[in-house]
Amino acid sequence: MLEKYVKNKTVISIAGIVIGLILMIWRGDFVEGMIRVIGFVLLGAAAVYLVMYFVNKPSDSTKLGYAACSAAAGLLLVLLCKTIYRAFPVIAGILMIISGAVTLIQVFKDKEVPLFNKILPVLVIVFGILILTRPGRIANAIVFCVGAVFVINGISGLLASREINKSDN
């Protein structure tokens, strides 16, 4: 059983390293591609729901609704993947600014809130503004960091698998 775990851990670690390197190299293109893939998956789900609607007797109208919603969402993701990719950081930045401002107002109303808790909403607002003014760079940096974490985790897994193999022999 331990052999299966080590082999599985090795395969997963190698896959993590490959995915991490892909994320680090093709940051924006990879995310756009993933948005497009999710769109195609939703279109596939819509087709399945549509087939299930026509095949199953009696027909369940909720399956037709699922098919329509899934198809609409899938088409939006496939056709507007670049727009969604570009808009997401901007939307996230706006939401962060609003959330930080609301929290800041709430913590300043309460006199017993420590200074540290008043600084955090300010940092959220600052990061929101940063994301708004540099959305592409921030998104690329985040994707790069996620890729780096995948690579580090993969290397760690390979080293752990190697140590487990040594202790078995």
Side-chain angles (χ1 to χ4, degrees), residues 4-5 7-104 120-121 123-158 160-161:
K4 287 182 182 179
Y5 171 76
K7 287 180 184 176
N8 193 24
K9 182 73 172 160
T10 302
V11 170
I12 290 172
S13 297
I14 291 170
I17 291 170
V18 169
I19 290 170
L21 289 173
I22 289 170
L23 283 171
M24 291 168 72
I25 295 168
W26 294 298
R27 295 177 289 267
D29 294 336
F30 183 78
V31 173
E32 269 184 48
M34 288 307 298
I35 292 170
R36 188 171 278 121
V37 166
I38 292 168
F40 284 123
V41 167
L42 285 171
L43 288 173
V48 169
Y49 278 121
L50 200 57
V51 168
M52 288 171 54
Y53 173 77
F54 287 113
V55 170
N56 291 344
K57 299 295 180 202
S59 296
D60 184 8
S61 61
T62 56
K63 287 187 177 78
L64 193 59
Y66 290 152
C69 290
S70 185
L75 279 174
L76 281 174
L77 289 177
V78 169
L79 297 176
L80 301 174
C81 69
K82 286 185 185 283
T83 306
I84 292 168
Y85 174 70
R86 288 186 194 123
F88 181 76
V90 173
I91 293 167
I94 291 170
L95 291 175
M96 286 177 70
I97 292 169
I98 292 169
S99 172
V102 168
T103 306
L104 192 62
L120 290 177
L123 288 175
V124 169
I125 293 170
V126 168
F127 283 123
I129 292 170
L130 221 131
I131 288 173
L132 258 179
T133 58
R134 305 274 186 213
R137 287 186 180 170
I138 298 296
N140 281 339
I142 290 169
V143 173
F144 184 85
C145 289
V146 169
V149 168
F150 268 103
V151 169
I152 291 167
N153 188 44
I155 291 170
S156 170
L158 285 177
S161 297

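- When the options Val143, Ile142, Val18, Val151 are evaluated for a side chain to side chain contact (heavy atoms under 4.5 Å, CB included) with Leu23, the one that passes is Val143.
- Taking both residues in full, the closest heavy atoms of Ser13 and Gly154 are given as CB-O, 3.2 Å, listed atom of the first, atom of the second, then distance.
- Applying the salt bridge (Lys or Arg N to Asp or Glu O under 4.0 Å) rule to pairs touching residues 72-90 yields Glu32-Lys82, sequence neighbours excluded.
- Residues meeting the side-chain hydrogen bond (donor to acceptor under 3.5 Å, both in side chains) test with Asn153, sequence neighbours left out: none.
- Atom CG of residue Leu104 and atom CG of residue Leu120 lie 10.5 Å apart, to the nearest 0.5 angstrom.
- We find the CG-CG distance between Leu80 and Leu75 to be 9.5 Å, quoted to the nearest 0.5 Å.
- Residue pairs meeting the side chain to side chain donor-acceptor pair (under 3.5 Å) criterion with at least one member in residues 63-81: none, sequence neighbours excluded.
- Thr133 places a side-chain N or O within 3.5 Å of a backbone atom of Ile129 that can act as its donor or acceptor partner.
- The minimum heavy-atom distance between Val124 and Met96, with the atom names listed, is CG1-O, 3.3 Å.
- Distance check, rounded to the nearest 0.5 Å: SG of Cys69 to CG of Leu64 gives 10.0 Å.
- Between Leu77 and Ile84 the shortest heavy-atom distance is CD2-CD1, 3.4 Å.
- Phe40 and Val78 make their closest contact through N-CG2, 3.7 Å (heavy atoms, listed as atom of the first residue, atom of the second, distance).
- Around OH of Tyr49, the count of heavy atoms belonging to other residues, nucleotides or ligands within 6.0 Å does not exceed 12.
- Here the closest heavy-atom approach between residue Pro121 and residue Gly100 is recorded as CB-O, 3.5 Å.
- Atom CG of residue Leu132 and atom CD1 of residue Ile91 lie 10.5 Å apart, to the nearest 0.5 angstrom.
- Taken to the nearest 0.5 Å, the CD1 atom of Ile17 stands 10.5 Å off from the CD1 atom of Ile152.
- Remark: Leu123 CG to Leu130 CG distance equals 11.5 Å, nearest 0.5 Å.
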